[in-house]
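These numbers were taken from a predicted model, which means no experiment stands behind them.
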Amino acid sequence: MTPEALALCVRGAVLAWLTESGLSVDLPAEFKLERPKSREHGDYATNIALALAKPAGLPPKAIAESLAPKIAEIPGVGAAEIAGPGFINIRLDSDALGQTAQIIVAAGAEFGTGQALAGRRINVEFISANPTGPLHLGHTRWAAVGDAIARVLVAAGAQVSTEFYINDRGVQLDKFGASVMAAAHDQEIPEDGYQGAYIHDLAAAIVIARPSIKELPIEEQFIAFREAAYALQLKQQQQVLEQFRTSFDLWASERALHESNAVEHGLELLREQGHVYELDGAVWLRTTDFGDDKDRVLVKADGEYTYFASDTAYYVNKRERDFDLCIYLLGADHHGYVNRLRAVAACNGDQLDQVEVLIGQLVKITRGGEEVKLSKRAGNIVTLDELVDEVGVDAARYSLIRYPVDSPLTLDLEVITLRTNDNPVFYVQYAHARIASVLRNAAELGIDWRNLHFIAGLLSHERENELLGALAEFPRVVAGAAELREPHRVARYLEDLASIYHRFYDSCRVLPRGDEDLTPEQVARLWLCAATRQTIFNGLQLLGVSAPDRM
RNA sequence: GCCCUCGUAGCUCAGUCGGAUAGAGCGACCGCCUCCUAAGCGGUAGGCCAUGGGUUCAAUUCCCGUCGAGGGCACCA
């Protein structure tokens with residue numbers, strides 16, 4: 001019996017009780033059925049009596065005493081006890097609990113997916129780095145978390161597009177082009193240009209591919225360098241992200257927005273909505289109508305579009321592609337954009353909450369306890385590909401995803417490189433490998449557990465009970481992670497699950513020893529192992545982390 | 001000055017849309033492999049959940065103030 005099924009039964013029992021008692025009270029919204037922290041409090045606990053106390057005008061304990069017997073009558077429920085201020089603690093029959101293993105094995109890769117966000121079309125934009133250099137650690141956090149959020153949203157039933165907005169237009173790109181050109185001519189790189197070895201590498205690669213480039217007229221040459229450097233750098237970013245298992249459904253070019261007149265089109269739509277005005281020769285968007293600090297300029301007095309204009313156009317474009325929710329992942333250094341982005345939605349005639357901005361604290365890097373300052377222009381950078389080279393994709397992704405994004409994250413390069421065995425990712429992966437090994441050994445012994453009779457009620461050991469309960473929580477964890485946009489919940493859950501499995505493994509022998517015969521209990525345990533392996537696999541999949549069969 | 005995020009064990013951090021004794025890893029100490037992966041398991045030690053108020057049957061969680069840390073307030077990109 002799944003928690004969802006039990007919740008429905010409890011709800012039914014409560015409604016029946018209310019009718020019977022002649023109380024015209026609705027089921028309170030605070031009604032919860034959850035897994036209590038302590039096993040002593042049963043498999044599940046509900047606060048229904050506490051929540052009902054006020055509307056019903058009765059003491060919680062009295063309600064609980066009257067309600068508990070009704071809950072105890074639900075098929076599959078072994079006991080319903082009153083505890084504390086009025087909680088009802090529910091214990092399932094081991095038969096009802098044990099069925100979970102079979103349900104999970106049958107669901108396979110689908111276990112954990114659900115319909116919590118069915119019908120939603122969600123656009124997730126993240127990283128959106130300038131194509132003027134390699135991706136560094138600041139981007140890395142979003143590469144891992146953004147991708148995991150998208151995976152979790154999909155698992156919850158949403159239709160998702162992941163997008164990377166390329167700022168391939170404007171002053172920064174020009175400075176980048178000028179820097180590469182200067183490097184190609186062995187000239188000093190301009191003061192406000194981009195420094196760093198990668199500029200020289202790009203310059204060399206461009207000259208090798210097209211030696212005649214240095215003979216072009218200066219204006220033409222500058223554009224040629226800029227375009228070639230841009231193409232190479234973008235490709236490099238794309239390759240690194242692919243290696244990092246972060247994929248995008250759309251790489252949206254700012255330049256393309258301008259070339260296709262999408263910017264003018266967006267401006268036109270906002271004008272129709274009546275929030276655009278002119279002042280001092282510039283064109284403004286009245287974002288202060290919707291909570292922004294100040295109005296924002298769309299077109300400067302000199303006729304140039306601002307970045308904000310393209311951002312706005314991109315938003316309109318997303319809405320025209322029928323996304324009903326646009327999620328932006330931004331670093332804490334961009335939190336000033338939150339109100340204006342939401343205001344853009346409102347100015348477009350949408351609801352404020354159709355834009356959701358997740359602000360992530362920046363990743364602080366230390367090396368042996370000493371802070372490493374990141375500065376792209378100074379060339380002092382720790383890049384995504386360097387991190388991956390040092391610790392591998394699994395450890396890098398996992399250690400970035402396992403923390404909520406609004407908590408500051410400090411990664412010590414020495415720790416993450418020298419002490420990889422301490423990384424929880426290995427703990428989780430080890431549990432998976434361990435189970436894979438047990439299942440492998442079973443196969444070698446000729447045990448075809450899938451075709452042997454599974455008796456759910458035999459899984460009655462305390463540790464089995466604990467494991468089954470934890471497994472049954474997985475769909476709720478995934479749904480919660482999706483709804484709250486917090487994929488770290490999946491990682492923490494997996495760590496718990498791995499720990500519970502290890503404890504089970506420690507107490508419960510799965511395979512027959514020596515020449516012993518296989519028992520029905522061991523068959524049931526093999527199903528339980530298979531269910532656990534599947535759940536860990538599915539969870540790691542959501543994080544983009546591999547689930548090895550051997551370690 | 002205004003705004004955002006944060007303040008939990010020695011260290012790195014979970015938990016917090018209010019719930020029953022506050023958790024993990026690392027570090028310290030003590031145990032467990034003739035048996036399915038010891039990258040594992042069990043145990044000990046370590047806390048005024050920054051601080052002062054408020055709301056509530058119940059606050060680490062919600063609200064306000066204070067202190068501390070980080071970040072932001074462009075006709076920049």
Pick base, sugar-phosphate or nothing for [X], based on heavy-atom distances below 4.0 Å to the nucleic acid.
{"X": "A:Val510", "result": "base"}
{"X": "A:Ala332", "result": "sugar-phosphate"}
{"X": "A:Asp302", "result": "nothing"}
{"X": "A:Arg489", "result": "sugar-phosphate"}
{"X": "A:Ala45", "result": "base"}
{"X": "A:Arg503", "result": "sugar-phosphate"}
{"X": "A:Ser507", "result": "nothing"}
{"X": "A:His41", "result": "base"}
{"X": "A:Ser407", "result": "sugar-phosphate"}
{"X": "A:Asp549", "result": "base"}
{"X": "A:Pro512", "result": "nothing"}

Given the 90°-from-0 boundary between syn and anti, B:C57 should be labelled anti

Find out whether A:Leu341 and A:Leu330 are in side-chain contact, i.e. whether some heavy atom of one side chain is under 4.5 Å from a heavy atom of the other. yes

Does any non-hydrogen side-chain atom of A:Lys175 lie less than 4.5 Å from one of A:Tyr194? yes

salt_bridge([X], [Y]) N-O dist < 4.0 Å:
{"X": "A:Glu473", "Y": "A:Arg35", "value": "no"}
{"X": "A:Arg39", "Y": "A:Glu462", "value": "no"}
{"X": "A:Arg503", "Y": "A:Glu466", "value": "yes"}

Tell me which nucleotide among [options] gets nearest to the side chain of [X].
{"X": "A:Tyr427", "options": "B:C41, B:G19, B:C73", "result": "B:C41"}
{"X": "A:Asn89", "options": "B:A20, B:U5, B:C75", "result": "B:A20"}
{"X": "A:Asp506", "options": "B:U37, B:G40, B:G71", "result": "B:G40"}
{"X": "A:Arg492", "options": "B:G72, B:C75, B:C13", "result": "B:C13"}
{"X": "A:Tyr307", "options": "B:A77, B:A20, B:U5", "result": "B:A77"}

Is A:His488 stacked on the base of B:A14 when the test is centres under 5.5 angstrom and planes under 30 degrees? no

With stacking defined as ring centroids separated by under 5.5 Å and planes differing by under 30°, is A:Phe87 stacked against B:A20? yes

Measuring only the [atom1] atom in each nucleotide, how far is [N] from [M]? A whole number of Å is fine.
{"N": "B:U61", "M": "B:U51", "atom1": "P", "value": "11 Å"}
{"N": "B:U8", "M": "B:C41", "atom1": "P", "value": "27 Å"}
{"N": "B:G23", "M": "B:C48", "atom1": "P", "value": "16 Å"}
{"N": "B:C63", "M": "B:G71", "atom1": "P", "value": "25 Å"}
{"N": "B:C2", "M": "B:U16", "atom1": "P", "value": "32 Å"}
{"N": "B:G25", "M": "B:G15", "atom1": "C1'", "value": "15 Å"}

Is the distance from OP1 or OP2 of [N] to the nearest side-chain N or O of [X] less than 4.0 Å?
{"X": "A:Lys37", "N": "B:U21", "value": "no"}
{"X": "A:Tyr493", "N": "B:A24", "value": "no"}
{"X": "A:Lys300", "N": "B:A77", "value": "yes"}

Please state whether the rings of A:Phe290 and A:His275 are parallel, tilted or perpendicular, taking 30° and 60° as the class boundaries. perpendicular

So does A:Tyr337 reach the base of B:A77 with its side chain, donor to acceptor, closer than 3.5 Å? yes

